Chemist: 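Would you mind keeping the following structure in view while I ask a few things?
These numbers come from a predicted model, not from an experiment. Here is how names work: the chains are called A, B, and so on, in the same order as the sequence lines, proteins then strands, and each is numbered from 1. Scope of the values below: all heavy atoms of this structure, side chains included, with no hydrogens, waters or symmetry mates.
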Amino acid sequence: MLEGKFESASLMKRLVEAIKDSVKLCNFNCSQTKGITLQAIDDSRVLLISLKLDPGCFEGFRCDKNLVLGLDLESLSKVLKQGNNEDYLTLIAEDAPDNLLVVFEDPKKDRISEFSLKLMDIDSDVLSIEDMDHDCSITLPSSDFAKVARDMRTLSESLQILVTKDSVKFMASGPIGTGSVIIKAHTDLKDGKESIKIDLNKSVNVTFGAKYLNDIVKASTLAETVTIKLTNKIPALFEFKLQGGYLRYYLAPKFDE
Amino acid sequence: KNTQFNLMDFYELI
């Protein structure tokens, strides 16, 4: 039996909103030691999502037997919208489940809502992704990155990112003209989360599909900062750290033909 | 012209 209780429904609500436009059907893998993990690839096979929710992400977590919960994220999103952000959220499944039970409890305990969501058998490709060294790592406020990705998409379908020793340059060029945004490394002593950190082994020049970057920045509601790891001609890693877990996106770059 | 790489070009199916 699985029973995972979140202190507030808002984490799960924001997670599903962050990924449901990229992938529709996902297997949620549940285990006592690892908590809930998920790996899913978008239909175009350009963007991969990897989620880890350690047991520590939950107020209470119990999983007697390893389970795979095949879920339609559109449906899960509909159910999650029934609960308030501040509600306790508990996910419950039997050992060989056909359904996932989603329970919201008002913190004042005067209202309990229960939904049963049908599970599906989902045949999905799983890719092996090993930790690797990247040419550079950038950590910046996730809202700053979201603004650049959204603004620059209005100019072009592609966003070029150039990283040098102490600056990151975003460039877009399209039918109406060109644009660039340069951000420089700095340390904000008052609020560390506002700092911009650039670690560079080698300068990087990569281009990504603006559509995918716009999907990725939907996760900026989950973490105040995002870490971007880039290497020339290799998929980039965008990581949003969660309390006791992470949401990572791996995005394949574009190349010049 | 920019063409999109596919993740399958980089990672192996398990």
Side-chain angles (χ1 to χ4, degrees), chain A residues 22-23 27 29 37 39-50 123-132 134 155-161 171-174 205-213 215-216 229-238 248-257, chain B:
Chain A
S22 306
V23 288
N27 282 325
N29 303 296
T37 58
Q39 192 199 87
I41 312 164
D42 85 309
D43 286 342
S44 61
R45 305 200 158 199
V46 168
L47 181 66
L48 181 142
I49 292 168
S50 173
D123 191 16
S124 70
D125 291 334
V126 179
L127 298 179
S128 76
I129 296 172
E130 278 155 35
D131 280 341
M132 55 175 287
H134 288 271
L155 292 176
S156 170
E157 286 176 8
S158 298
L159 183 65
Q160 188 180 359
I161 305 179
M171 291 190 291
S173 167
N205 180 356
V206 276
T207 301
F208 299 106
K211 170 198 176 296
Y212 299 103
L213 293 172
D215 284 336
I216 291 170
K229 294 186 178 185
L230 303 171
T231 301
N232 289 312
K233 297 179 181 169
I234 295 291
L237 167 61
F238 300 80
R248 289 179 180 165
Y249 294 84
Y250 294 84
L251 177 63
K254 289 184 155 191
F255 62 96
D256 282 327
E257 207 176 38
Chain B
K1 189 194 164 208
N2 278 318
T3 306
Q4 187 71 61
F5 264 125
N6 186 314
L7 283 171
M8 298 298 180
D9 299 337
F10 298 97
Y11 301 127
E12 282 183 14
L13 278 172
I14 294 176

Chemist: How many angstroms lie between CE in B:M8 and CG in A:L48, if you round to the nearest 0.5 Å?
Modeler: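 B:M8 atom CE to A:L48 atom CG measures 8.5 Å (nearest 0.5 Å).
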Chemist: If you take all heavy atoms of B:L13 and A:D125, which pair is closest and at what distance?
Modeler: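 Closest heavy-atom pair between B:L13 and A:D125: CD2-CB, 3.3 Å.
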Chemist: Would you call the rings of A:F255 and B:F5 parallel, tilted or perpendicular if under 30° counts as parallel and over 60° as perpendicular?
Modeler: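 Taking B:F5 first and then A:F255, their aromatic rings sit tilted (interplane angle of 30° to 60°).
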Chemist: If you compare all heavy atoms of B:L7 against all heavy atoms of A:L127, which two are closest, and at what distance to 0.1 Å?
Modeler: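 Taking B:L7 first and A:L127 second, the nearest heavy atoms are CB-CD1, 4.4 Å.
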Chemist: Measure A:I41 against the heavy atoms of chain B and call it side chain, backbone, both or neither at under 4.5 Å.
Modeler: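 Side chain only.
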Chemist: Sort A:Y212 into side chain, backbone, both or neither according to what part of it lies under 4.5 angstrom from a heavy atom of chain B.
Modeler: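 When you check distances to chain B, only side chain atoms of A:Y212 fall under 4.5 Å.
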Chemist: Flag the pair A:Y250 / B:F10 as yes when at least one side-chain heavy-atom distance between them is below 4.5 Å, and no otherwise.
Modeler: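 In short, these two side chains do not touch, never coming nearer than 4.5 Å.
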Chemist: Would you indicate whether A:K254, at its atom NZ, is surrounded by more than 12 heavy atoms from other residues, nucleotides or ligands within a distance under 6.0 Å?
Modeler: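 Yes - once you tally the heavy atoms of other residues, nucleotides and ligands closer than 6.0 Å, there are more than 12.
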Chemist: What's the separation between atom CD in B:Q4 and atom CZ in A:R45, rounded to the nearest 0.5 Å?
Modeler: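 Reported to 0.5 Å precision, the distance equals 14.5 Å.
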Chemist: Measuring heavy-atom distances to chain B, does A:S128 have an atom under 4.5 Å in its side chain, in its backbone, in both, or in neither?
Modeler: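 Contact with chain B: backbone and side chain both.
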